[in-house]
Engineer: 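Handing you a structure now.
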Amino acid sequence: MSKKWRLTERTKMLLKLELAITIPALALMAFSIWNLKHIQRSQQIEAAIQRDFQDVLKIGEKKSWIRANEILDPVRKEFPGPDDNAGQIKAKLDHILATHPEFAFAVFYDKPSNTTISRMQMSRDPDFCASAQDGINDTLTWLPTEAASMAEGLRKMADEGDKSAESYGGWMNKGDQRIYINTFTFIPPGVPKDRTTIGILSFDQKYLQSTFFPEIMKEVLHSKAAMLRTDPNPPAMMIHSQHDSTPWVVSDNWEGTKGEVERPSTEVFHGIVWSIKYPETTIADISAHFLRYNYSILGALSLLMIGGIFLTYRNISREMNLARLKSDFVANVSHELRTPLALIRLYAETLELGRLNAKEKYQDYFRIIREESERLSALINNILDFSRIEAGRKEYEFKETDLPQLVRSTLDSYRFQIEQNGFAFEENICDDIPPVNVDREAIARSLLNLVNNALKYSKEKKYIGVSLYRANGSVKLEVQDHGIGIPVAEQDKIFEKFYRCGDPLVHNIKGSGLGLSLVRHIVRAHGGDVQVESEPDKGSKFTIALPIDSALRNSNAVA
Ligand code: ADP
């Protein structure tokens, strides 16, 4: 009956646990795993970073166009017009180049008067001059044929309020090097609408490489778009030729050769490719790292959750066990109280009626009444002690005590009962023990509890041995039997309150499960400890060790 009750209670508890914690926890874990898998599949993180990178590159290109125009706009206004003669044109172009070192060369072309005048920066190194000359030569190859349509296109753009200059660019092989030729074409000021006159300015390649683009990169990388990802590792930028991926311009934090996202410049500075990446990592790494990070957080949370469920389960189980032990305890105690009371009443009534003839019978009856009332007192003392301990009110009265004498006198009142129950009783009390500070009643009760257990839990081999001796700064009090023994798995638990061994034999023996928990409490309050060595069917040995030094236990006087 009681087994069935336990089972249903446990099942009920498990069901409640499952409904209240386990199912929501598992659902949450499953959902998170699904969510992470889903992110991985659609590669949303990678796509988001790539989109960000594209935006940053687009901004780079836009800024280079704006910056080039900011430089060009005031210069265009100083450009010579069709009314200037050759000398004036040269002088104006030279003046522009002298005041604007960022340009490599300038060209003036007027179709009606067939004037083509080109000037380059003076007093520069031969390499510069050679490149500038190459640029001029290249420009002059297409200018006469393209000028008319170019002028028409520029006017149209200006009329529409669009850009006022057109950008061209490309790479030219020079020995084993590539040089970047760029031109900005525009219509000089004061040119009548139907006249084909073109002004051309070209940025110095070195200026672009060392000042113009690095500044733009810095601006872009510090702009909001690039900072959107509040990353401790900001992205790096690079510009290379459309023909190969050798870096031409790089931001300070660039390392390696290739970028992760690229964008060929289409509006301005044709022929260059903008490139961006995270230094020392790849987008795939970042997304893998993100997933790993999230999986590990999920793993840790899951572990915590499982731990929580396990702890809750264990606590509830423990509480249920305690509740069961308490109800067993009430049943056991009532039984233990009833038996001696019934005996006492029976023998007292018999005596009262005066029906006994033999004198020795009287003695027997008185002895039984005394023993039973002693058993009752012992039990009640145990229960009282236990309730005091539980309420934290148990106090010990330490007195200097001659332990051999205390043990002897305690056993004396029990010896008769032991021997009458057919036990071989052996006493080994060593007298070489200094006085020790103990609570006499508590120590005597501990010894009685142990002796009483030895009596109760022995079957055929009836033996009780009590020894008192000195060892390593402590006094040891041993109670040994050859009884039913205790399985190893239960040897720790027997000292817990209400605990009684699972062996069916034990359940036929009266007991409350309090004795050993009291013994342990008492001994610990004396600064000592109690140990058990036992083997099923062979017997048990309980050893109380009390320190001879009294300093420790005085601090534990009130428990
Ligand atoms: P009880 O009132 O049940 O004897 P105790 O706290 O004294 O309570 O003992 C707890 C349990 O430990 C007992 O129920 C018994 O199963 C086991 N036990 C204690 N002493 C012995 C012993 N000497 N031999 C075998 N088992 C013992």
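Ligands are counted one by one from 1 in listed order, and the atoms in each one are counted from 1 as well.
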Engineer: Hey, does Y457 come in under 3.5 Å of ligand 1, counting only N/O atoms on both sides?
Structural biologist: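 Checking ligand 1 against Y457, an N or O pair does fall under 3.5 Å apart.
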Engineer: Out of K493, K497, R500, who gets a non-hydrogen atom closest to atom 3 (O) of ligand 1?
Structural biologist: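 Heavy atom nearest to atom 3 (O) of ligand 1 belongs to R500.
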Engineer: Within a distance under 4.0 Å of any heavy atom of G515, pick out the atoms of ligand 1 and give their elements.
Structural biologist: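 In order of number, 5 (P), 6 (O), 7 (O).
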Engineer: Which protein heavy atom lies closest to atom 23 (N) of ligand 1, and at what distance to 0.1 Å?
Structural biologist: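 Of the protein heavy atoms, D481 OD2, 2.8 Å lies nearest.
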Engineer: Nearest protein heavy-atom contact for atom 2 (O) of ligand 1: which residue, which atom, what distance?
Structural biologist: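 Going by distance alone, atom 2 (O) of ligand 1 is nearest to S512 N, 2.8 Å.
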Engineer: So which protein heavy atom does atom 5 (P) of ligand 1 come closest to, and at what separation?
Structural biologist: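 It is L516 N, 3.6 Å.
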Engineer: Which ligand 1 atoms are under 4.0 Å away from a heavy-atom of K456?
Structural biologist: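 In order of number, 1 (P), 2 (O), 4 (O).
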Engineer: Could you check atom 12 (O) of ligand 1 against the protein and tell me its nearest heavy-atom contact, residue, atom and distance included?
Structural biologist: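 In this structure, atom 12 (O) of ligand 1 has I494 CG2, 3.2 Å as its nearest protein heavy atom.
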Engineer: What part of L450 sits under 4.0 Å from ligand 1 if we count only heavy atoms: the side chain, the backbone, both or neither?
Structural biologist: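 Neither part.
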Engineer: If you define the side chain from C-beta out and look only at heavy atoms, does anything of E427 sit under 4.5 Å from V407?
Structural biologist: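 Result no, sub-4.5 Å side-chain heavy-atom pair not found.
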Engineer: With heavy atoms only and a cut-off of under 4.0 Å, state how F495 meets ligand 1: side chain, backbone, both or neither.
Structural biologist: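 It is neither part, as no heavy atom is under 4.0 Å.
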Engineer: Starting from atom 7 (O) of ligand 1, locate the nearest protein heavy atom and write down its residue, its atom name and how far away it is, to 0.1 Å.
Structural biologist: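 The closest one turns out to be N453 ND2, 2.8 Å.
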Engineer: Closer than 4.0 angstrom, basic N to acidic O: yes or no for E397 and K399?
Structural biologist: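 So E397 pairs with K399 through a salt bridge.
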Engineer: Check whether D439 reaches the backbone of F398 with its side chain - one donor and one acceptor, N or O, closer than 3.5 Å.
Structural biologist: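 Looks like no, no N/O pair under 3.5 Å.
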Engineer: If you count the atoms of ligand 1 from 1 in the order shown, which ones are under 4.0 Å from a heavy atom of L514?
Structural biologist: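 Listed by number with element: 6 (O), 8 (O).
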Engineer: Relative to ligand 1, is I486 under 4.0 angstrom through side chain, backbone, both or neither, heavy atoms considered?
Structural biologist: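 The side chain, only.
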Engineer: If only atom types and distance count, is the side chain of D481 paired as donor or acceptor with the main-chain N or O of I464 below 3.5 Å?
Structural biologist: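 Side chain of D481 to backbone of I464, a donor-acceptor pair under 3.5 Å: no, none is there.
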Engineer: V466 and L477: side-chain contact (heavy atoms from CB on, under 4.5 Å), yes or no, with the steps?
Structural biologist: CA-CA 7 Å; V466 176; L477 177 57; 4.1 Å; yes
Engineer: Could you tell me whether ligand 1 has any atom less than 4.0 Å away from a heavy atom of N449?
Structural biologist: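 Under 4.0 Å: no for N449.
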Engineer: Can you tell whether the side chains of D402 and R408 come within less than 4.0 Å, N to carboxylate O?
Structural biologist: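 So D402 does not pair with R408 through a salt bridge.
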Engineer: For F386 and H521, what are the C-alpha separation, side-chain angles and deciding distance, and is it a side-chain contact (heavy atoms from CB on, under 4.5 Å)?
Structural biologist: CA-CA 9 Å; F386 172 74; H521 192 277; over 6 Å; no
Engineer: Could you tell me whether K456 atom NZ has more than 12 heavy atoms of other residues or ligands within 6.0 Å of it?
Structural biologist: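 Yes, because the 6.0 Å sphere around NZ of K456 holds more than 12 heavy atoms from other groups.
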Engineer: Just jot down the ligand 1 atoms closer than 4.0 angstrom to any heavy atom of V506, in number order.
Structural biologist: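 Checking each atom against V506, I get 14 (O), 16 (O).
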Engineer: Flag this pair as yes if the NZ/CZ of K394 is under 6.0 angstrom from the six-membered ring centre of Y396 and inside a 45 degree cone about the axis; otherwise no.
Structural biologist: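 Yes, K394 and Y396 form such a contact.
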Engineer: Nearest non-hydrogen contact with atom 17 (C) of ligand 1 belongs to which option: C501, A454, G485?
Structural biologist: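 Nearest option to atom 17 (C) of ligand 1, by heavy atoms: C501.
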Engineer: Would one find an N or O of G513, backbone or side chain, under 3.5 Å from an N or O of ligand 1?
Structural biologist: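 There is such a contact, yes.
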Engineer: Can you check whether F423's main-chain N or O pairs, donor with acceptor, with N421's side chain at less than 3.5 Å?
Structural biologist: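 Checked: no pair found.
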Engineer: Just let me know how S540 lines up against ligand 1, side chain, backbone, both or neither, with a heavy-atom cut-off below 4.0 Å.
Structural biologist: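 Under 4.0 Å from ligand 1, S540 contributes side-chain atoms alone.
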Engineer: Mind checking whether E490 contacts ligand 1 via backbone (N, CA, C, O), side chain (CB onward), both or neither, at a 4.0 Å heavy-atom cut-off?
Structural biologist: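 For E490, no heavy atom sits under 4.0 Å from ligand 1.
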Engineer: Give the numbers and elements of all ligand 1 atoms closer than 4.0 Å to a heavy atom of Y499.
Structural biologist: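 Here the atoms of ligand 1 in question are 10 (C), 11 (C).
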Engineer: Is the number of heavy atoms from other residues, nucleotides or ligands within 6.0 Å of CZ (R370) greater than 12?
Structural biologist: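 Yes - once you tally the heavy atoms of other residues, nucleotides and ligands closer than 6.0 Å, there are more than 12.
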Engineer: Is the side chain of S540 donor-acceptor paired with the backbone N or O of S534 at a distance under 3.5 Å, no angle test?
Structural biologist: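 Such a contact is absent between S540 side chain and S534 backbone.
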